[in-house]
Amino acid sequence: MIEVSHVSRNFGDFRAVNDVSFSIPTGQIVGLLGPNGAGKTTTMRMITGFLSPSDGHILIDGTDVLENPVETKKKIGYMPESAPLYGEMIVEDYLKYIAEMHGKDPEQKVPQLCKECGLKEVMSKNISELSRGNRQRVSLAHALMNDPEILILDEPTSGLDPNQVEDVRAIIREIGKTRTVIVSTHILSEVETLCSRAIIISGGKLVADSPIEELKDRFGHEISVKLTVGSNFEAVKQALSSVDGIDVIKEVSLENQNGNNGVQITGILISVKGNAEIRPEICKKLTQNSIDLYEMTLQRNSLEDVFHALTAAPAQNAKEAAK
């Protein structure tokens with residue numbers, strides 16, 4: 001159990017984290033989200049004990065991180081975004097060295113992590129020769145060396161190719177079956193794939209903390225319909241004015257605003273009331289008004305929509321909306 005209670009962190013006159021509180025029970029994978037400079041990394045570093053809070057308290061299984069730093073750090077594995085590895089060392093030697101530092105049996109622990117993190121093919125290579133994906137795997141093995149109950153991962157798939165991303169995600173899913181995991185990332189689809197819950201920080205303040213599906217339901221419109229039509233916005237808006245189930249209709253930008261024959265092409269985004277099925281009626285009304293329909297796409301509210309809704313507005317307003 002992680003308990004963060006009214007935690008703030010100042011750097012001189014700048015308050016990077018401002019009165020943040022949340023708790024994470026054992027065995028949950030949580031996404032920690034926020035724009036650049038929102039305070040995510042500072043929050044994680046305070047949880048790990050690398051930074052001290054200016055105000056508030058952080059408890060790991062009821063033990064204060066500041067009062068008992070050694071005891072709490074034994075329960076935490078931390079993988080920073082740019083993992084500090086000894087590039088001149090062979091992978092196997094490096095992991096044995098880390099095992100000895102943690103008081104683990106290298107002959108037992110290193111083969112176990114080699115299998116768990118998929119390092120068999122690179123154990124005899126210098127770390128400096130590894131691809132970024134394999135360096136991430138070595139860093140993950142390092143973070144797991146002390147059998148932590150809590151694993152904190154800062155941008156674990158940053159800079160990886162699609163195959164490497166899926167490999168690392170699979171490892172995280174497996175790890176999450178037996179440990180508490182905090183994943184900080186800018187890749188929102190990654191949070192939707194890996195996590196059951198999202199904590200969003202903006203401007204140093206907590207603006208949302210909820211299961212991901214609940215966040216999608218509470219912010220923005222759950223369902224929308226995107227159209228590409230051969231007409232101007234006002235004509236389309238007038239044609240669809242009598243369609244039941246439309247909440248908001250607005251114009252959106254398209255890469256190509258003109259058709260092949262100079263015909264105006266317009267993008268339209270329609271927010272749907274509840275779960276109303278409005279597509280047949282839209283087609284009917286556009287046809288009656290001689291408006292060409294080039295494309296119609298049904299979109300469901302995503303975590304990206306929620307993120308933009310909460311972080312584009314001032315943090316305090318977003319926090320009030322989250323209540």
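A heavy-atom distance below 4.5 Å is found between the side chains of E116 and I175. When side chains are defined from C-beta on, L151 counts as touching L140, because their heavy atoms get closer than 4.5 Å.
Residues A141 and L119 share a closest heavy-atom pair of CB-CD1, 4.0 Å. Closest approach of S189 and R169 over heavy atoms only: OG-NH2, 4.1 Å. Shortest non-hydrogen contact noted between I246 and K273 is O-CE, 3.3 Å. Of all heavy-atom pairs between D64 and T72, the closest is O-CG2, 3.9 Å. In terms of heavy atoms, K205 sits closest to N18 at CE-ND2, 3.3 Å. The minimum heavy-atom distance between G31 and C195, with the atom names listed, is N-SG, 3.4 Å.
Heavy-atom contacts from other residues, nucleotides or ligands closer than 6.0 Å to NZ of K75 number more than 12. Counting heavy atoms of neighbouring residues, nucleotides and ligands inside a 6.0 Å radius, atom CZ of F11 exceeds 12 of them.
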ask   = Checking side-chain contact (heavy atoms from CB on, under 4.5 Å) for the pair V225/M296: CA distance, chi angles, key distance, verdict?
value = CA-CA 7 Å; V225 176; M296 178 187 292; 3.7 Å; yes

inquiry  = Go through it in stages, so that I can follow the logic: the residues are K96 and E100, the test is salt bridge (charged side-chain N to carboxylate O under 4.0 Å, His left out), and I'd like the CA-CA distance, side-chain angles, deciding distance and then a yes or no.
reply    = CA-CA 6 Å; K96 286 182 177 180; E100 291 171 353; over 6 Å; no

task = Report the C-alpha distance between R15 and D55 in whole Å, list the side-chain angles of each, state the deciding distance to 0.1 Å, and finish with yes or no for salt bridge (charged side-chain N to carboxylate O under 4.0 Å, His left out).
result = CA-CA 11 Å; R15 176 155 284 200; D55 297 293; 3.2 Å; yes

key: salt bridge (charged side-chain N to carboxylate O under 4.0 Å, His left out) between K74 and E71, intermediate numbers included   = CA-CA 5 Å; K74 286 180 179 178; E71 181 181 345; over 6 Å; no

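Once rounded to the nearest 0.5 Å, the distance linking CG of N146 with CE of M101 reads 11.0 Å. For the atom pair N134 CG and E129 CD, the distance stands at 11.5 Å (nearest 0.5 Å). With rounding to the nearest 0.5 Å, the separation of CD1 in I150 from CE in M1 is 10.0 Å. Between atom CG of residue L298 and atom NZ of residue K226 there is a gap of 13.0 Å, rounded to the nearest 0.5 Å.
Of the residues listed (D292, I282, T266), the one engaging V229 in a side-chain contact (heavy atoms from CB on, under 4.5 Å) is T266, and it is the only one. Screening T180, L32, D209 against I24 for a side-chain contact (heavy atoms from CB on, under 4.5 Å) leaves a single residue, T180.
H102 and D147 are not linked by any side-chain donor-acceptor pair at a separation below 3.5 angstrom, with hydrogens and angles left out of the test.
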